Asks: 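Sharing a structure, written as structure tokens. Questions coming.
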Amino acid sequence: MNIQTELKQRFAKALHGLTDDVPNAVEMIRPSQEPKFGDYQANMAMSLGKQRGKPPRDVAAEIVGRLDVSDICETPEIAGPGFINLRLKTDWLAGQLMVAKNDERLGVGLAARAKTYVIDYSSPNVAKPMHVGHIRSTMIGNALARLLRFCGHNVITDNHIGDWGTQFGMIIFGYKHFLDREAYAADPVGELARLYRFVRMLVDYHRDLAEMPKYEQRAVELREKLDALNASLQNETDAAAQKKLRKEESRLNAQVLELLDTIKAVAEKIRAVHDDPATLALAKANPDIGRAVLEETSKLHHGDRENLALWNEFVPVCMEDIERIYRRLNVTFDYTLGESYYNDRLPGLVERLLKQGIARETDGAVGVFLPGQDIPMLIRKQDGAFLYATTDLATIEYRVETFRPDAILYLTDFRQGLHFEQFFATARLMGYTDLELTHVKFGTVLGEDGKPFKTRSGDTVGLESLLDEAERRAYEVVKINDRSSVECGVWSVELDGDNENKSQIPNPKSQPPTPNSKLRETAKRIGIGALVYADLSQNRESDYVFSYDKMLAMNGNTATYLQYAYARVQSIFARGEVDLDALRKSEVPPRLEQPIERTLALDLLKFEEAIELSLRDYRPNVVTSYLFELANRYASFFEQCPVLRAEDATIRDSRLLLCDLVARTMQRGLELLGIETVERM
RNA sequence: GCGCUCGUAGCUCAAUCGGAUAGAGCAACGGAUUUCUAAUCCGUAGGUUACAGGUUCAAGUCCUGUCGGGCGUACCA
């Protein structure tokens, strides 16, 4: 049930003839922020009054007079300048709960028109270890895919992995020159990652050495500019001019500081090489490594047999590594078509765009010049190689041919905004005008120091170790809580089920988790859930600061809180030995007598609204907020309203019904976000 | 330089395309457990929504300017 939609339809009838733009007016119906203003409010009377030169309250009265909502609402009230406040009838709410109860989908309707969505997310680079940043694209994309599917849309998920880039030149070069065969046999991915980092370091070293004099030169220039500025500042008497000069001075100073930071960082990287004689020797032995790496890449792209064979050897191994993380995160893809998949299409695409006049040559390269853009989007380099944009255009062609989508969503870092703007504009020039192309962007993950994680520096928080840590922390809490629950008599047996060792009073830390034990599974769901929720609940386009404690928190607005609400319901059912089948078959509507019961009922019925609102701007955090509020409401209800000990059987059943609906909504909602529930915690 | 973007409580973030008294969580302080899981609940405190103008019945939200942060700016992805 979407109450908002229902009210909109009722208002649309009443507004017919009162305005030219009924759909717009009807958009001004929304949930009230304050209970005293009712459950929903309609705000169109003010603007309509203005349009028609009538007092808004009179317009509101006119609308109310034509409005037929008597079956679902109490008599609407007009308040303030012309707000129409609506309070839903409690009996009607109870009736709607019965509808939801009898529906597998909890009364959530399907989209009016099922559309086909291609969602392009996660997209890690093969052979580069995944880091914290990848969780954003992966989990937001996963949640959107699940939400859209739930609404009845046809969703195709495609992991557009980076499997054709220059990192393979590095790995191939590393493999040919620095391979540790034993390490490769034992842990191929680890060894490839090491080779990548090592070659990268050597390439950077030579580049940095070459760049260093330029930095120094720049520092000298800045110094000279500052001196000149100071001189003119002393001669300047006009206050306004002085202010301007001081501003310029602080700007220059900032540049100096930034430059010093850069120099310091570069110097440290150089020193790291110098400090290790073996590395230094290899660095000196390979002065042209930058060019050599590019050559390896180029050979691969031109079908060199040896390099292609190596590529074919590396990719599956690396993919297995990535898949392991997806399994832990409960993420799957319909397709994994990487950049390499489109390789054959690129030359023809560029030729075609040239012929159509969409692209033209510039400075030996080929680019698309777009109105309002001072720089072109390059699709072929001077050396004939293709770029990111070329692959993206080829991919869109393939997807349209193959899937006939209504929309394609790209989940990437917001820093790629300009690229997508240009890429989408080019796609429109190519004739894809009816296709929704959306860059679902998100902010950068920053380190605790407020600076962005840099993949090149190498020392980012690896995703895998983060998952491990999440599970470990959750395990500590779960273990302690489980034991104390048994001691307090909440449960008769431990989740661990490891009863033989029970006599020796165990120290949670000294006992490693039994593999496959229930406790371990619970810890996994709670730990990973916390991690995923931390990301989804903060889906803003701005950056966010990565913090272990924040990401792995299990108090407050966290997945744990929602899972806890769910587990508490299950606990009631277990304690009361509740016959769920009978409860769900009963056709006796709930009695919503306490204010908290009524509020809880209303919250339950807003599930569809939350999903719809979430998808309007592709923001899973709307769903997390909704679920948090529902869990919060349930916690209050739990405190205020005894269920098993209710005063009589009808109230008991009524409350059990509310509990069941909360649990089902919680489970479904979390599932749509890619988070699992636990029966007991 | 140009372009995009952000600035909300000590911290991390909300605020449903302009709606009524700007809300949560964390941290702080004070309470609640013989009663269905205290991973909880209830309460207190914390704000001139960076600043200055403007638009109107109504501005955190829209416009202009200022200050401050982030990002991007043709052969990376």
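Since this is a predicted model, take the numbers as computed values, not measurements.
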Asks: Is A:Gln416 touching bases, backbone alone, or none of the nucleic acid, heavy atoms closer than 4.0 Å?
Replies: base
Asks: Find the distance A:Tyr618:OH to B:C17:C1' and express it as a whole number of Å.
Replies: 16 Å
Asks: Please report the distance separating the P of B:C2 from the corresponding atom of B:U66, rounded so that it comes out in whole Å.
Replies: 11 Å
Asks: Students often get this wrong, so: under 4.0 angstrom with heavy atoms, is A:Ala79 touching a base, only sugar-phosphate, or nothing?
Replies: base
Asks: Which of residues 359-370 of chain A have a heavy atom under 4.0 Å from RNA chain B?
Replies: A:Thr362, A:Asp363, A:Ala365
Asks: Starting at CG of A:Leu378 and ending at C1' of B:A77, how long is that distance when rounded to a whole Å?
Replies: 14 Å
Asks: Given the rule that a pair is Watson-Crick or G-U wobble with both distances under 3.5 Å, how would you write RNA chain B in dot-bracket, using | for pairs to a different strand?
Replies: (((((((..((((.....[...)))).(((((.......))))).....(((((..]....))))))))))))....
Asks: Is the aromatic ring of A:Phe83 within stacking range of B:G19, meaning centres under 5.5 angstrom and planes under 30 degrees?
Replies: no
Asks: Under 4.0 Å, heavy atoms only, any strand: does A:Ser625 hit a base, just the sugar-phosphate, or nothing?
Replies: nothing
Asks: Taking any heavy-atom pair under 4.0 Å as a contact, classify A:Gln538: base, sugar-phosphate, or nothing.
Replies: sugar-phosphate
Asks: Looking for any heavy atom pair under 4.0 Å, which part of the strands does A:Glu421 touch: base, sugar-phosphate only, or nothing?
Replies: nothing
Asks: With a non-hydrogen cut-off below 4.0 angstrom, is A:Gln41 in contact with a base, only sugar-phosphate, or nothing?
Replies: base
Asks: Hey, does A:Leu418 reach any base, or is it just sugar-phosphate, or nothing, if we go heavy atoms under 4.0 Å?
Replies: sugar-phosphate
Asks: By nearest atom, which of the nucleotides B:A39, B:U73, B:C41 is closest to the A:Ile375 side chain?
Replies: B:U73
Asks: If I pick the C1' atom on B:A27 and the same atom on B:G46, what distance separates them, to the nearest angstrom?
Replies: 12 Å
Asks: Does A:Thr166 have a side-chain nitrogen or oxygen under 4.0 Å from the phosphate oxygens OP1 or OP2 of B:A77?
Replies: no
Asks: Just checking A:Ala567: base, sugar-phosphate only, or nothing, at a heavy-atom cut-off of under 4.0 Å?
Replies: base
Asks: Is there a side-chain polar atom (N or O) of A:Arg619 under 4.0 Å from OP1 or OP2 of B:U16?
Replies: no
Asks: Tell me what A:Val622 touches on the nucleic acid: a base, only sugar-phosphate, or nothing, going by heavy atoms under 4.0 Å.
Replies: nothing
Asks: Identify whether any heavy atom of A:Met377 sits under 4.0 Å from a base atom; if not, whether one sits that close to sugar-phosphate; answer base, sugar-phosphate or nothing.
Replies: nothing
Asks: May I ask you to verify if any side-chain N or O of A:Tyr564 is less than 4.0 angstrom from the OP1 or OP2 atom of B:A39?
Replies: yes
Asks: Can you tell me the distance, in whole Å, between the CG atom of A:Leu613 and the P atom of B:U16?
Replies: 9 Å
Asks: Among B:A74, B:A77, B:G19, which is the nearest nucleotide to the side chain of A:Ser47?
Replies: B:G19
Asks: Tell whether A:Asn85 reaches the base of B:A20 with its side chain through a donor-acceptor pair below 3.5 angstrom.
Replies: yes
Asks: Establish, from distance only, whether the side-chain atoms of A:Glu421 and A:Gln373 form a donor-acceptor pair under 3.5 Å.
Replies: yes
Asks: Heavy atoms under 4.0 Å, any strand shown: does A:Pro56 hit a base, just sugar-phosphate, or nothing?
Replies: nothing
Asks: Quick one: is B:G19 close enough that its OP1 or OP2 comes under 4.0 Å of any side-chain N or O from A:Arg30?
Replies: yes
Asks: For nucleotides 23-36 of chain B, just jot down a letter per nucleotide in 5' to 3' order: B, S or -, based on protein non-hydrogen atoms under 4.0 Å.
Replies: -SSS--------SB
Asks: For A:Arg680, answer base if it contacts any base atom (sugar-phosphate contacts may also be present), sugar-phosphate if it contacts only those atoms, and nothing otherwise; contact means non-hydrogen atoms under 4.0 Å.
Replies: base
